[in-house]
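Structure, as structure tokens:
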Amino acid sequence: MTGHRPPDSRSALTAHLPRPDRDSAPWWELLAGRRFAVQECDFCGMLRFPPRAFCAACRAEGAHWREVPPEGTVESWIVSRQPFVLGRRDRPIPSGNGRLAAVPGGLIYGNWRAERQPVPREPVAGVFAEVTPEVTLLGWAPAGDADGSGAGIPGRT
């Protein structure tokens, strides 16, 4: 094919970065500052995640951001053996859902940040991983092991 060239690993990585929308942009800004928050309904006080325009409990529209600890329990996980980013074929990447302690209905997807497999309902803490200066992702590590250093993260140095 004329003019076709495969993407390099940097462009493949940035092609998969999150694209904040009206409801999630403040959350991504907080994560970039290594802060974790969920929405709190201005009318009934219900905490909610993921961010959305309306409260599921009372259907009110207003909300503000409330900082809570990024901790919870392992809800479920998968191990991807399919490389989704060029140059990351060295080993499988486990990722999973954490059920937030502060928001029982809130699940957050993130990469598993430990060398061993997660255990169902295991206590976990959030680990911040900067991808670019503007984008920080939240991953999960066993509670007590989440120092935020990224040590032991498959595919990271």
Side-chain angles (χ1 to χ4, degrees), residues 6-41 46-53 56 63-157:
D8 62 26
S9 61
R10 177 76 180 146
S11 64
L13 177 63
T14 57
H16 298 287
L17 291 177
R19 297 204 180 8
D21 60 18
R22 174 197 69 193
D23 299 322
S24 69
W27 187 73
W28 290 109
E29 290 171 18
L30 286 163
L31 274 186
R34 293 182 174 262
R35 296 169 52 206
F36 183 75
V38 296
Q39 285 181 321
E40 182 172 13
C41 178
M46 180 179 172
L47 299 179
R48 64 184 189 239
F49 191 88
R52 52 193 173 270
H64 60 277
W65 291 93
R66 179 175 165 193
E67 286 193 54
V68 298
E71 50 192 38
T73 56
V74 171
E75 179 72 16
S76 64
W77 74 92
I78 63 167
V79 177
S80 174
R81 298 183 195 305
Q82 170 67 38
F84 291 100
V85 178
L86 294 174
R88 300 287 182 171
R89 298 172 187 248
D90 52 341
R91 55 180 150 164
I93 307 276
S95 56
N97 287 310
R99 182 166 298 280
L100 292 171
V103 186
L107 291 173
I108 299 184
Y109 172 86
N111 285 341
W112 180 246
R113 307 297 188 176
E115 289 296 325
R116 64 169 179 78
Q117 293 287 320
V119 176
R121 295 178 295 287
E122 169 180 13
V124 292
V127 176
F128 298 96
E130 184 179 296
V131 179
T132 70
E134 298 81 29
V135 177
T136 297
L137 301 177
L138 184 75
W140 295 111
D145 292 345
D147 65 2
S149 69
I153 300 171
R156 292 207 24 159
T157 55

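Being a predicted model, the structure only gives us computed values, none of them experimental.
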From Arg48 atom CZ to Leu100 atom CG, the distance as rounded to the nearest 0.5 Å = 14.0 Å
Quick one: OG1 on Thr73 to CZ on Arg99, what's the gap to the nearest 0.5 Å?
-> 7.0 Å
Side chain [X], main chain [Y], donor-acceptor under 3.5 Å:
{"X": "Arg121", "Y": "Val119", "value": "no"}
{"X": "Gln39", "Y": "Arg52", "value": "yes"}
{"X": "Trp27", "Y": "Pro50", "value": "no"}

Do Phe49 and Ile108 come within less than 4.5 Å of each other through their side chains, counting heavy atoms only?
-> yes
Under a 4.5 Å cut-off applied to non-hydrogen side-chain atoms, are Val131 and Leu17 in contact?
-> yes
Please say which of Leu137, Leu138, Asn97 ends up in a side chain to side chain contact (heavy atoms under 4.5 Å, CB included) with Tyr109.
-> Asn97
Set of residues satisfying side-chain hydrogen bond (donor to acceptor under 3.5 Å, both in side chains) with respect to Glu29, sequence neighbours excluded = none
Kindly give the heavy-atom pair with the smallest separation between [X] and [Y], and that separation in Å.
{"X": "Trp65", "Y": "Pro26", "value": "NE1-CB, 3.3 Å"}
{"X": "Glu122", "Y": "Pro142", "value": "OE2-CB, 3.4 Å"}
{"X": "Gly96", "Y": "Trp140", "value": "O-CD1, 4.1 Å"}
{"X": "Gln117", "Y": "Trp112", "value": "C-NE1, 4.0 Å"}
{"X": "Ala32", "Y": "Glu134", "value": "CB-O, 3.9 Å"}

What pairs with Pro20 under side chain to side chain contact (heavy atoms under 4.5 Å, CB included), at least two apart in sequence or on another chain?
-> Ser24, Ala25, Trp28
List in chain and number order the residues that pass side chain to side chain contact (heavy atoms under 4.5 Å, CB included) with Arg22, two or more places apart in sequence or in another chain; answer none if no residue qualifies.
-> Ala53
Do Phe36 and Leu30 pass the side-chain contact (heavy atoms from CB on, under 4.5 Å) test, and can you show the C-alpha distance, the side-chain angles, and the key distance before you say yes or no?
-> CA-CA 6 Å; Phe36 183 75; Leu30 286 163; over 6 Å; no
